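Below: the structure, in structure tokens.
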Amino acid sequence: MLKLMEIRSGDDAVFRQVYKQVFPLVMRVAYHVTFNADIAEDICQDAFIRFYDKDMTFPSLDDAKFWLIRVVKNLAINHVKRKANEVAKMEKIGRTPTDNPFGDGARELLLNESKVAVRRAVAQLPEIYRTAIVLREYADLDYQQIAKVLKISESNVKVRVHRARKELEVILGREDVNVP
């Protein structure tokens, strides 16, 4: 377990240990920004390649973890922005994508209705709120950890998460939103 020792990202043994401990967390972050497991995995792999290639030194595992979360978050957001631009360009020239990510069955649609509604609502949030709610609800980070990732105060994180929830209530038209 890597806790209080210095972490060098280019060290093979340390890299394997960090990867094993941090990959599930950053995968959740990437997935809940992109909503695509394959793309999320590619983003995580890219982040870990950058982590290894840069051969950086971190004071602790937490610092390495927060660096990786920031990189994954930024890569995922950039991917979503690029994808939105591609869709907008396709629509502009009169073509629309034919992929249906929800499947063809009515049963699948009904089962995923709530998740889809929340995903769409989360996607409508301003980026500062969206990032805070994704890190809190999907990455299971506490307020202190989110503050370190975003480099803001813990109280600011609480405000952003609260405001994100309030905006989700308005977007979804109901109170006490549960983010699945």
Side-chain angles (χ1 to χ4, degrees), residues 2 7-10 14-88 101 115-168 171 177-180:
L2 301 172
I7 304 293
R8 201 179 111 246
S9 65
V14 170
F15 176 83
R16 278 191 290 280
Q17 200 59 13
V18 170
Y19 183 88
K20 187 175 168 183
Q21 291 181 20
V22 177
F23 183 82
L25 172 65
V26 294
M27 182 66 181
R28 285 193 309 269
V29 170
Y31 177 77
H32 289 290
V33 172
T34 65
F35 302 114
N36 183 309
D38 293 332
I39 291 169
E41 188 171 350
D42 289 345
I43 287 169
C44 291
Q45 295 297 338
D46 188 26
F48 275 100
I49 289 169
R50 291 176 186 204
F51 178 75
Y52 184 82
D53 287 346
K54 288 191 179 280
D55 195 19
M56 298 177 290
T57 302
F58 297 93
S60 70
L61 175 62
D62 280 346
D63 292 310
K65 176 174 66 173
F66 296 143
W67 185 89
L68 280 162
I69 291 170
R70 274 192 300 277
V71 170
V72 165
K73 173 194 64 105
N74 290 336
L75 289 172
I77 288 170
N78 289 342
H79 172 81
V80 169
K81 286 179 182 176
R82 274 193 312 276
K83 197 67 170 170
N85 286 339
E86 289 173 13
V87 168
K115 285 184 181 180
V116 171
V118 171
R119 285 179 184 169
R120 287 183 181 150
V122 169
Q124 292 177 32
L125 292 173
E127 188 174 318
I128 62 170
Y129 299 154
R130 183 175 55 241
T131 301
I133 199 79
V134 165
L135 292 174
R136 178 73 179 135
E137 298 297 334
Y138 297 118
D140 294 326
L141 296 181
D142 62 34
Y143 294 119
Q144 185 179 20
Q145 292 170 322
I146 296 169
K148 287 181 182 177
V149 169
L150 299 179
K151 297 183 179 177
I152 59 176
S153 70
E154 193 173 334
S155 60
N156 195 338
V157 171
K158 290 177 183 178
V159 167
R160 288 183 186 187
V161 169
H162 175 75
R163 288 181 180 165
R165 287 188 177 126
K166 287 298 180 192
E167 285 201 30
L168 286 173
I171 293 168
V177 172
N178 180 24
V179 182

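This structure is a prediction, so every number in the text was calculated from the model and none was measured. Starting from 1, each residue takes its place in the sequence as its number.
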From [X] atom [atom1] to [Y] atom [atom2], the distance as rounded to the nearest 0.5 Å:
| X | Y | atom1 | atom2 | answer |
| --- | --- | --- | --- | --- |
| Gln145 | Leu25 | CD | CG | 8.0 Å |
| Arg119 | His32 | CZ | NE2 | 7.5 Å |
| Ile43 | Phe48 | CD1 | CZ | 13.5 Å |
| Lys151 | Asn156 | NZ | CG | 15.0 Å |
| Lys73 | Leu135 | NZ | CG | 7.5 Å |
| Asp63 | Leu68 | CG | CG | 11.0 Å |

Would a 4.5 Å heavy-atom cut-off, applied to side chains only, mark [X] and [Y] as touching?
| X | Y | result |
| --- | --- | --- |
| Val161 | Tyr143 | yes |
| Leu125 | Ile171 | yes |
| Arg8 | Val14 | no |

Contact summary for [X] and [Y], nearest pair of heavy atoms:
| X | Y | value |
| --- | --- | --- |
| Ala47 | Val71 | CB-CG1, 3.7 Å |
| Gly10 | Tyr52 | O-CE1, 3.3 Å |
| Tyr31 | Ala40 | N-CB, 3.5 Å |
| Phe23 | Gln45 | CE1-NE2, 3.8 Å |
| Arg28 | Ala139 | NH2-O, 3.2 Å |
| Ile7 | Leu61 | CG1-N, 3.6 Å |

Residues Arg160, Leu150; criterion side chain to side chain contact (heavy atoms under 4.5 Å, CB included); working and verdict:
CA-CA 11 Å; Arg160 288 183 186 187; Leu150 299 179; 4.2 Å; yes

- prompt: Hey, does the side chain of Thr34 reach the backbone of Ala76 with a donor-acceptor pair shorter than 3.5 angstrom?
  reply: no

Counting distance only, does the side-chain N/O of Arg70 pair as donor-acceptor with the main-chain N or O of Val149 below 3.5 Å?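 At least one qualifying donor-acceptor pair exists.
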
Run Leu75 and Arg50 through side chain to side chain contact (heavy atoms under 4.5 Å, CB included) and show every step you take.
CA-CA 11 Å; Leu75 289 172; Arg50 291 176 186 204; 3.5 Å; yes

Subject >> For Asn78, all residues meeting side chain to side chain contact (heavy atoms under 4.5 Å, CB included), sequence neighbours excluded >> reply: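 In terms of side chain to side chain contact (heavy atoms under 4.5 Å, CB included), with neighbours along the sequence ignored, Asn78 is linked to Arg82.
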
Practice problem: Step by step, work out the side chain to side chain contact (heavy atoms under 4.5 Å, CB included) result for Lys65 and Val22. | Solution: CA-CA 6 Å; Lys65 176 174 66 173; Val22 177; 4.0 Å; yes

